[in-house]
Amino acid sequence: MIIKNNNTFHLQGRNISYIMAVSSAGDLIHIHFGKKLRDRDYSDIKTVWHDWLAYTDDGISLDLYPQEYPSYGHSDLRFPSYSVKNRHGNHITQLKFKSAVIKENAVQQLEGMPSLFQGGKTAQTLEITMYDEIAGLEAVLSYTVYDEYDVVLRSARLKNNSDCEMIIDSAYSASLDIGKGEHDLIYFPGAWARERELVREKISYGVKIDISNARGGSGHSMNPFIMVAEHNADEGHGAVYGLSLIYSGNHSSMVECDQYGNIRIHQGLNPFRFQWSLENGEEFTTPQSVLCYSENGIGGLSRELNDIYRSNLCRSKWSDRERPILINNWEATYFDFDEEKILDIAKKAKDVGVELFVLDDGWFGDKGSCYKGLGDWIINKKKLPSGISGLADKINSIGLKFGLWFEPENINPDSEILLSHPDWAVSVSDRASSLSINRLMFDLSRDDVCDYIINKISGILRNANIEYVKWDMNRPMTDIPYDGYNHKYTLGFYRIMDAITSAFPDILFEGCSGGGGRFDAGVLAYMPQIWTSDNSDAVSRLKIQYSTSMGYPVSSMTAHVTAVPNHQNGRVTPLGTRAATAYCGIFGYELDITKMKDDELLEIADQIRLSKELRHLVLTGDFYRLISPYDTNYCAWEMTAKDSSEAFLFACRILSVANSSDLMIKLKGLDENSDYLDVDTGVIYGGDELMYRGIEPVYEKKDFAAVSMLLKKL
Ligand code: GLA
């Protein structure tokens, strides 16, 4: 709920308060974001501070004040929320409060960009209009709060009310001045096959500016989710702020610790190579940033974000449905397949309980690889004589659903479509474009190009019984034609995703980008699941899934059992460990099942039976990280039903150690007064015992040994 108390605006979520007040000088001062407070009027807040430090005649120095959307250069010399060049060629602006409106029962919706939706919850939106008379700049700051979540959604809309052109050099979605204190920054850099590695470092003086990506999509190299945690906060305790950007292009989060030790955070579009011109009357809207706060550590914050992302982000009917267990042919065949091979895989997969067959890259073009045919999407009849629809029918008659891989945004240079429309690829004049795996990017800033892609892909989806789509994107953005292009492209990307996913509401869509290179809340608004990484080695996945789960629900992370030696790093892990690592995710297989031995097939059938039993927990349970693979030789996590009626524990000892004892694991979220049955062994434990004494799993004497345990309340 939102309370207006004189000049104070107080947003209250389930356990949080977000408070701001308009000072006597008209500045919008940030008062509090944290544990819920009782309401009071803060508008008598004093902004005059140490006269001798003030830069202005009236003694006001905003340098010393927490603010909502600060500017640089008048009396605040810290990093600003935005930077706009005015008619005189300078960047000096001073936004002052003009008006505020509270919209009942409304969640801020952004035109052409994804945002959280209301989804039957009670929510209110506050829009505060700030104004700079001299520059003619208006900024509308939007805040949404839900009664039952601990989040605040923010974005900003900048409008040019002057009679001259205005240039926006940067416009963050949200800024948060959290004040002093010993805090750590937690963020998720990475690379292909090493996505979202967990980094935690102490925040000290200066500006940490490079939590950003300028490679095209949200990127392998940095995820648009960060946390700022009290230095002593851990998984279960302490105050933690999270900022998650609903955006799939170049992004930036930054943290400044100023000369007084005050911490300022910004999140939004990456200002690097960004510029946006506004003529009189035009406006620019930033993406939405989700600000979250928990007193219950990183785990508390993750579960809060998980809940809202599971129920209020993705409009697909699949977002709350159990997902089919799939088999994908990519690592089984790469480009070397024909219909017979595909049907052999599908038949074997059906026998062990798989529900969906996915045909990956290489079904189109005369070479049947991604080096020719991207963009034209003409089926390779040499490989697939019955075409996609014939193959889909044959897969259906085996008893499986059929899914297909696409890479809608890319195009091979010698494709028919590019030959007839040479200006449809992203490029700069007078310079040959950089090719990445022989691909160029379609210019999604153009409506005609977006229309072509929408029609082309829709045509294929309409002509065959395709029930799942893997939407890939396998190259970074290079040869950017002008500053701000990346944002225009991203808007085009949202347009085509929106058009295709809404035209085919029954299809389950999965996002992908060279593995997990576009794992962000923007994609998750259209597609309920994303391929987490091309690296499905069980040991690598411990870290990748552990850290990804901090910002995203396990129901969004796809996890496949693949062959050994692993294709990315050569590691050999037991089949049981590969499956156990994947259970707390959207489970599937990506290996040549026709080459598996009989005992392995029996094991796979058991794995599939168990994963089907666990699917509802993946979708609705609470996820707890229990032991970190970043700090120990172990990894443990747990999914628990919200009503504590059952739980699934996964634990892995990475390397075997002679003559040592293993770590005890304390479970979470159980009913301490009830007993729990270990379904496999028949052993009964007390909920109190499992949570407060813990259990010591018995690992086999070998490397990469995993243990899993399904517990049901008696
Ligand atoms: C990307 C994906 C893989 C596979 C290949 C096909 O790398 O992450 O899963 O689809 O493309 O080219």
Side-chain angles (χ1 to χ4, degrees), residues 190-196 215-221 223 248 326-337 341-342 345 356-365 367-377 380 383-384 388 402-412 415 435-441 457 460 466 468-477 508-520 523-524 527 529-537 540-541 544-545 548 556-563 566-569 578 582 585-592:
W192 174 78
R194 288 191 286 105
E195 289 89 342
R196 293 170 296 286
R215 305 175 73 87
S218 51
H220 295 90
S221 61
N223 195 265
S248 315
L326 67 75
I327 188 156
N328 175 305
N329 74 308
W330 179 240
E331 288 204 1
T333 65
Y334 294 103
F335 296 113
D336 185 17
F337 62 83
K341 177 72 192 170
I342 294 302
I345 293 178
L356 161 70
F357 174 84
V358 178
L359 181 62
D360 211 280
D361 194 354
W363 53 267
F364 49 87
K367 288 222 174 80
S369 76
C370 64
Y371 285 86
K372 195 154 167 53
L374 276 181
D376 294 335
W377 300 112
N380 182 312
K383 286 174 156 185
L384 302 174
I388 291 296
F402 177 75
L404 194 60
W405 176 98
F406 287 96
E407 193 170 340
E409 300 152 75
N410 287 341
I411 180 170
N412 295 130
S415 55
L435 286 174
S436 174
I437 340 181
N438 200 41
R439 290 155 161 84
L440 295 168
M441 293 171 74
I457 304 292
I460 299 167
I466 296 167
Y468 159 106
V469 164
K470 177 175 173 186
W471 183 310
D472 207 344
M473 166 51 171
N474 273 314
R475 59 157 295 164
M477 181 180 281
L508 167 60
F509 285 85
E510 173 166 330
C512 176
S513 178
R518 203 160 52 185
F519 204 114
D520 60 65
V523 169
L524 285 176
M527 307 184 181
Q529 59 190 55
I530 301 178
W531 182 222
T532 312
S533 173
D534 275 342
N535 185 349
S536 45
D537 159 55
S540 308
R541 278 296 184 117
I544 295 172
Q545 292 173 201
T548 303
S556 65
M557 293 159 39
T558 51
H560 296 172
V561 176
T562 54
N566 177 268
H567 293 197
Q568 275 66 45
N569 64 10
R578 280 174 271 155
I586 302 296
F587 189 80
Y589 290 83
E590 191 168 327
L591 39 68
D592 191 347

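For the numbers below, each heavy atom of this structure counts, side chains included, while hydrogens, waters and symmetry mates do not. Whatever order the structure lists ligands and atoms in, that order sets their numbers, starting from 1. Keep in mind that what you see is a predicted model, and the values were worked out from it rather than measured. Positions are given from 1 along the sequence.
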Query raised in the report: Hey, does the side chain of Thr558 reach the backbone of Ile586 with a donor-acceptor pair shorter than 3.5 angstrom?
Result: no
**Report entry** ligand 1 versus Asn474: contacting region, heavy-atom distance under 4.0 Å
**Finding:** side chain
Query raised in the report: Hey, is CZ on Arg475 packed in by over 12 heavy atoms from elsewhere, all under 6.0 Å?
Result: yes
**Report entry** Under 3.5 Å: N/O of Ser513 near N/O of ligand 1
**Finding:** no
Report summary line: Honestly, for Lys470 the part within reach of ligand 1 (heavy atoms, under 4.0 Å) is side chain
Query - Asp360 (side chain) donor-acceptor with Asn328 (main chain) under 3.5 angstrom - result: no
Query - Lys NZ or Arg CZ of Arg196 over Trp531 ring: under 6.0 Å, within 45° - result: no
Report summary line: Note: ligand 1 atoms sitting under 4.0 Å from heavy atoms of Gly514 are 1 (C), 7 (O), 8 (O)
Query raised in the report: Checking Arg541 side chain against Ser533 main chain: does a donor-acceptor pair fall under 3.5 Å?
Result: yes
Query raised in the report: Which atoms of ligand 1 are found less than 4.0 Å from any heavy atom of Asp534?
Result: 1 (C), 2 (C), 3 (C), 7 (O), 8 (O), 9 (O)
Query raised in the report: Using 4.0 Å as the upper bound for N to carboxylate O, is an ion pair formed by Asp592 and Lys341?
Result: yes
Report summary line: If we number the atoms of ligand 1 from 1 as shown, the ones under 4.0 Å from a heavy atom of Trp531 are 8 (O), 9 (O)
**Report entry** Residue pair Tyr468 / Trp405, side-chain heavy-atom distance below 4.5 Å
**Finding:** no
Requested in this report: Provide the number and element of each atom of ligand 1 under 4.0 Å from a heavy atom of Gly515.
Outcome: 2 (C), 8 (O)
Report task. Pull out every atom of ligand 1 sitting under 4.0 Å from any heavy atom of Cys512, numbered as shown with elements. Result -> 2 (C), 8 (O)
Report task. Pull out every atom of ligand 1 sitting under 4.0 Å from any heavy atom of Asp361, numbered as shown with elements. Result -> 6 (C), 12 (O)
